[in-house]
Amino acid sequence: MANVFVSMEVGRDGVAVITISNPPVNALAPIIIDGLKKRYKEAMDRDDVKAIVLTGNAGKFSGGFDINVFAEVHKNGDLSRLPDVSVDLVVNTIEDGKKPSVAAIQGLALGGGLELAMGCHARISTPEAQLGLPELTLGVIPGFGGTQRLPRLVGLPKAIEMMLLSKSIRAKEGKEYGLIDSVVSSGELLTVSRLWALDIAEKRKPWVTSLHRTDRLCSLSEANEILKGARQQAKKIAPNMPQHQVCLDSIEEGIVFGGYAGVLKEAKVFKELVLSSTARGLVYTFFSQRATSKVPNVTDVGLKPRNIKKVAVIGGGLMGSGIATALLLSDISVIIKEIDSRFLQKGIKTIAGNLEGLVKRRSISQEKMNQALSLLSGALDYSEFKHLDMVIEAVIEKIPLKQSIFADLEKACSPHCIFATNTSTIDLNIVGQKTSSQDRIIGAHFFSPAHVMPLLEIVRTEKTSPQVILDLMTVGKLIKKVPIVVGNCTGFAVNRTFFPYTQGSLLLLHLGVDLFRIDKVISSFGMPMGPFLLQDLAGYGVARAVKGVFASAFNGRTFESDLVELMVEDGREGKSNGKGYYIHEKGSKPKPDPTVLPIINESRRRANIMPNGKPINVSDREILEMVFFPVVNEACRVLDEGIVVRASDLDAACILGMSFPKYRGGIIFWADTVGPRYIYSCLKKWEDIYGGFFKPSKYLEERAKRDLPLSMMNLPESSTRSRM
Ligand SMILES: C[C@H](O)CC(=O)SCCNC(=O)CCNC(=O)[C@H](O)C(C)(C)COP(=O)(O)OP(=O)(O)OC[C@H]1O[C@@H](n2cnc3c(N)ncnc32)[C@H](O)[C@@H]1OP(=O)(O)O
């Protein structure tokens with residue numbers, strides 16, 4: 001705690017510089033807030049202080065309120081851990097203080113950090129500083145007056161955009177909108193801020209209190225229209241979350257009854273939101289995603305990542321070209337290797353198409369696209385492979401093909417080259433069986449589309465060297481993915497956990513439940529779409545390829561039907577040919593296709609699993625549970641076998657790889673809120689009626705019987721077989 005403090009230095013010019021120090025982001029922990037109150041009192045009391053500059057140590061203003069405090073409140077429900085900042089510190093001490101304050105901003109001013117700065121009478125910033133109120137991503141709203149001061153500084157539309165979308169802006173844009181008074185270099189920051197503070201104190205510059213400003217606010221009727229539109233948008237972007245509407249309520253209160261009334265309302269609802277299930281899930285997710293970068297015996301043993309500059313991707317199909325796109329965008333040179341020039345040209349075209357798509361969506365500039373393409377080359381053999389740092393194989397899921405590729409690579413590449421495979425299911429020991437390079441074989445499991453989806457599942461075997469794992473984690477971060485290291489098993493962590501998701505839905509369908517109803521229930525829960533629409537979008541090829549793999553690896557707990565084969569026989573390929581469970585027409589939303597019913601009935605007839613030949617009668621809640629509880633059950637097996645370092649890694653992976661709703665914290669976090677006992681009893685009941693697909697795992701049974709959370713991976717007397 002030695003470097004956690006608030007310091008104050010008074011210059012001969014009469015300016016007190018108050019500095020927040022709490023590495024790495026100067027989070028506003030209770031001890032910092034206490035320190036700020038003390039330093040401010042001292043500055044106000046001292047006769048030699050005319051004005052105050054508030055700043056942060058080590059090139060950062062502040063990353064906001066200390067999120068660890070939310071996590072503590074979630075553990076013990078004690079709201080008294082939340083200090084009174086919005087009235088006591090920001091309004092009474094800073095904004096209404098008898099001496100003016102200027103915020104000197106560098107690096108970042110986020111959440112509570114920006115709110116402190118907005119309480120000051122002017123804000124001076126360096127150009128690169130990131131300014132924003134991202135509280136909604138944590139399930140709360142700005143709680144230090146941000147819902148009131150931001151609209152008064154930048155106008156209502158921009159403030160709503162920044163808060164509802166948690167979108168931060170740079171200082172230049174901040175200046176254009178009126179959030180920042182002056183943009184200066186870091187060398188000038190303190191000098192300009194001191195002078196500015198003195199100018200306010202000596203009335204050469206206006207003494208502006210943001211909360212009392214009205215010049216950027218529109219008329220009441222205009223504001224109502226803007227808020228109405230924002231509420232509709234919030235319903236669409238955050239249907240199951242309360243904080244967006246609550247944020248708009250707070251803004252509205254301030255517009256109708258004045259800024260101070262708004263501050264009071266904000267403080268009240270902020271506390272209510274801290275205890276919401278959404279905030280619990282999102283705060284947990286904030287920390288679980290960050291914890292994934294700590295891998296025992298890899299990131300804590302003093303290894304340094306090697307520089308990976310040149311990579312080859314074998315296979316220019318959908319996955320290979322997506323992976324290549326992601327690498328190129330981060331300035332890594334890529335050779336794309338194919339078996340003939342037709343496939344090679346197709347791969348290069350797909351990469352160019354991916355990049356063009358990003359230009360169209362304005363995610364990258366045309367210049368960036370040209371630069372990325374200049375780093376791409378093609379190959380039909382291994383002659384250029386000598387100087388590579390890494391190869392990522394992304395060919396079809398055929399074991400002999402992969403084995404022969406890795407045997408060839410061993411001959412063609414240097415001994416330091418990393419051999420990664422993008423297999424989504426095949427055991428890595430089998431992939432590398434025909435080489436003597438098992439220590440540098442690693443899984444780089446990307447999710448489709450690889451240049452968009454944020455997860456990189458890094459699969460290690462008992463033999464993969466820690467250096468190789470660290471190198472791939474570093475590349476993953478460089479290409480803006482969240483790398484999560486997992487152990488080796490069929491399907492690895494994510495696909496293994498989620499195979500019962502598709503199969504459970506198919507089982508329900510064959511028990512007589514309407515497929516469009518299943519999709520609706522699952523998307524209302526918060527998945528971006530239901531399992532059948534997902535199959536349509538992904539195409540049926542993957543489902544057909546992995547069906548047998550799962551059936552043989554997880555004998556007795558899979559459900560098989562002829563449905564996908566029947567769909568293909570009927571000329572249905574999903575979105576790719578416009579015909580699947582849904583009708584897919586360009587430019588319009590997928591529509592349920594009633595002509596699919598005879599195919600489903602034929603598949604039901606063949607499966608013949610409806611009790612007494614009649615469709616079962618289930619509620620929406622039962623549909624949800626019959627789809628997700630088997631997923632929880634498989635997740636328990638993944639934990640039991642030590643496929644992940646910690647339960648929260650699996651939660652993070654499910655959110656990033658399967659789009660499990662973030663605000664539900666992840667599959668295990670959610671299951672622990674539902675209750676292991678209840679999940680166990682449901683699965684047991686369904687096992688008796690419908691068979692082995694629902695059989696509860698030992699891990700679940702043990703925790704349910706002892707009333708322990710599923711996240712507790714290691715029981716004192718257990719013998720977890722870690723594969724990490
Ligand atoms: C009342 C108020 O209105 C409420 C609030 O202010 S809520 C907080 C609002 N602020 C935020 O949401 C910002 C959250 N932080 C971030 O987005 C990012 O951490 C960042 C942009 C600041 C930095 O990103 P990056 O450089 O990639 O580093 P990142 O790994 O995320 O964070 C570094 C460390 O700081 C911690 N950290 C970041 N922000 C923190 C915060 N506000 N509180 C506590 N810890 C924080 C992270 O947990 C991480 O810790 P670790 O090293 O032990 O894992």
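No hydrogens, no waters, no symmetry mates; every other heavy atom, side chains included, goes into these values. Order of listing sets the numbers, starting from 1, for every ligand and every atom in it. Note that the coordinates shown come from a computational prediction; the quantities given were computed from them, not determined experimentally.
Which of A291, S166, G64, P134 comes nearest to atom 11 (C) of ligand 1 through a heavy atom is settled by distance: it is P134. Between A71, G132, G111, G63, it is G63 that holds the heavy atom closest to atom 10 (N) of ligand 1.
Checked by distance only, ligand 1 and E115 come closer than 3.5 Å through their nitrogen or oxygen atoms. Considering backbone and side-chain N/O atoms, L138 never comes within less than 3.5 Å of an N/O atom of ligand 1. Considering backbone and side-chain atoms alike, F286 places every N or O at 3.5 Å or more from each N or O of ligand 1.
For Q106 (side chain) and S186 (main-chain N/O), no donor-acceptor pair under 3.5 Å exists by modelled atom type. Side chain of T214 to main chain of L217: no donor-acceptor pair is present (N/O by atom type, distance under 3.5 Å, no hydrogens or angles). In this structure, E72 contributes its side chain and G77 its backbone to no donor-acceptor pair below 3.5 Å. Of the possible donor and acceptor atoms, none in the side chain of K60 sits under 3.5 Å from a partner among the backbone N and O of L108.
Taking every non-hydrogen atom of F270 and a distance limit under 4.0 Å, the qualifying atoms of ligand 1 come out as 1 (C). Of all atoms in ligand 1, numbered sequentially from 1 with element shown, those under 4.0 Å from a heavy atom of D66 are 43 (N), 44 (C). Ligand-side atoms of ligand 1 in range of G112: 2 (C), 3 (O), 5 (C), 6 (O), range being under 4.0 angstrom from any heavy atom. Annotation for ligand 1: atoms under 4.0 Å from non-hydrogen atoms of P142 are 3 (O).
When only modelled atom types and interatomic distance are considered, E128 and T126 share a side-chain donor-acceptor pair under 3.5 Å. The closest side-chain donor-acceptor pair between D249 and Q245, if any, does not fall under 3.5 angstrom.
Here the protein heavy atom with the shortest distance to atom 39 (N) of ligand 1 is V25 CG2, 3.4 Å. Of all protein heavy atoms, the one closest to atom 54 (O) of ligand 1 is K294 NZ, 2.9 Å. Regarding atom 1 (C) of ligand 1, its nearest protein heavy-atom neighbour is F144 CE2, 3.3 Å. Counting only heavy atoms of the protein, atom 34 (C) of ligand 1 lies nearest to P24 CG, 3.5 Å. The protein heavy-atom contact nearest to atom 5 (C) of ligand 1 is F65 CB, 3.4 Å. Annotation: atom 19 (O) of ligand 1 to nearest protein heavy atom, R290 NH2, 3.7 Å. Ranking protein heavy atoms by distance to atom 21 (C) of ligand 1, first place goes to L110 CD1, 3.9 Å.
For atom 25 (P) of ligand 1, the nearest protein heavy atom lies 4.0 Å away or farther. Using a 4.0 Å threshold on non-hydrogen atoms, atom 50 (O) of ligand 1 does not count as touching the protein. Within 4.0 Å of atom 44 (C) of ligand 1, at least one protein heavy atom is present. Proximity of atom 28 (O) of ligand 1 to the protein is not indicated, since no non-hydrogen protein atom lies closer than 4.0 angstrom. In this structure, atom 7 (S) of ligand 1 has protein heavy atoms in its sub-4.0 angstrom surroundings.
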Residues D651, K662; criterion salt bridge (Lys or Arg N to Asp or Glu O under 4.0 Å); working and verdict: CA-CA 9 Å; D651 280 328; K662 205 173 169 179; over 6 Å; no
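H74 and F70 have parallel rings, their planes meeting at less than 30° on a 0 to 90° scale where 60° marks the start of perpendicular.
Classification of D88 and K37 as a salt-bridged pair holds, one side-chain N sitting under 4.0 Å from a carboxylate O. Salt bridge absent: K38 and E42 never bring a charged side-chain N and a carboxylate O closer than 4.0 Å.
At least one test fails for R280 against the ring of Y284: distance under 6.0 Å to the centre or angle within 45° of the axis.
Surrounding NZ of K175 are at most 12 heavy atoms belonging to other residues, nucleotides or ligands under 6.0 Å away.
Contact annotation for I67 and ligand 1: heavy atoms of both the backbone and the side chain come within less than 4.0 Å of the ligand.
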